[in-house]
Amino acid sequence: MSGVSDEEIVRAVRAIAELEERREALAERVGELRLAAAPEELAERDRTGTEMAAVTDLILLECVETLDRLGLTTAAQAVQHMIDEEGLADEE
């Protein structure tokens, strides 16, 4: 691996794990609001869903950067290819 210390690996993985925890919390809230009828609940569901999509995109981009930094170039390219094929939420 391209001379990356154990501490750097732990920091990178921890950062992605924290983003994933945030995304899971947002997904849970979106699920709670799936049957929303009140305008304020619908607006919250939309805002939360948009934020969840943005965090998902950030996770993917962080994965590409981290995998590449760790010397896992093929894995980074695979994730980047998926992003290129499917696009990011903010591109839609």
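Being a predicted model, the structure only gives us computed values, none of them experimental. One-based numbering along the sequence shown.
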Distance-only donor-acceptor hits, side chain of residues 37-50, under 3.5 Å, sequence neighbours excluded:
{"unit_1": "Glu44", "atom_1": "OE1", "unit_2": "Arg29", "atom_2": "NH2", "d": "3.1"}
{"unit_1": "Glu44", "atom_1": "OE2", "unit_2": "Arg29", "atom_2": "NE", "d": "2.8"}
{"unit_1": "Glu44", "atom_1": "OE2", "unit_2": "Arg29", "atom_2": "NH2", "d": "3.2"}
{"unit_1": "Arg45", "atom_1": "NH1", "unit_2": "Arg34", "atom_2": "O", "d": "3.4"}
{"unit_1": "Thr48", "atom_1": "OG1", "unit_2": "Glu44", "atom_2": "O", "d": "2.8"}
{"unit_1": "Thr50", "atom_1": "OG1", "unit_2": "Asp46", "atom_2": "O", "d": "2.9"}

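- Going from atom SG of Cys63 over to atom CG of Leu72 covers 11.5 Å, rounded to the nearest 0.5 Å.
- Val64 and Leu60 fall within a single hydrophobic cluster, where Ile, Leu, Val, Met, Phe, Trp and Tyr side chains are chained together by heavy-atom contacts under 4.5 Å.
- Listed by chain and residue number, nothing satisfies the side-chain hydrogen bond (donor to acceptor under 3.5 Å, both in side chains) test with Glu62 (two or more places apart in sequence, or in another chain).
- Across every non-hydrogen atom of Ala76 and Asp68, the tightest pair is CB-N, 3.7 Å.
- Put simply, the side chain of Leu61 does not reach to within 4.5 Å of the side chain of Val79, judged on heavy atoms.
- Listed by first and then second residue, the side chain to side chain donor-acceptor pair (under 3.5 Å) pairs that reach into residues 70-80 are Gln80-Asp84, sequence neighbours excluded.
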Please output the side-chain donor-acceptor pairs of residues 8-19 that fall under 3.5 Å, not counting sequence neighbours, one pair per line with the distance.
{"unit_1": "Glu8", "atom_1": "OE1", "unit_2": "Ser5", "atom_2": "N", "d": "2.8"}
{"unit_1": "Glu8", "atom_1": "OE1", "unit_2": "Ser5", "atom_2": "OG", "d": "3.2"}

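- Taking the side-chain contact (heavy atoms from CB on, under 4.5 Å) definition, one finds that Arg23 meets it with Glu20, Ala27, Met52, Val55, Thr56, Ile59, sequence neighbours left out.
- Asp6 pairs by the side-chain hydrogen bond (donor to acceptor under 3.5 Å, both in side chains) definition with nothing, not counting sequence neighbours.
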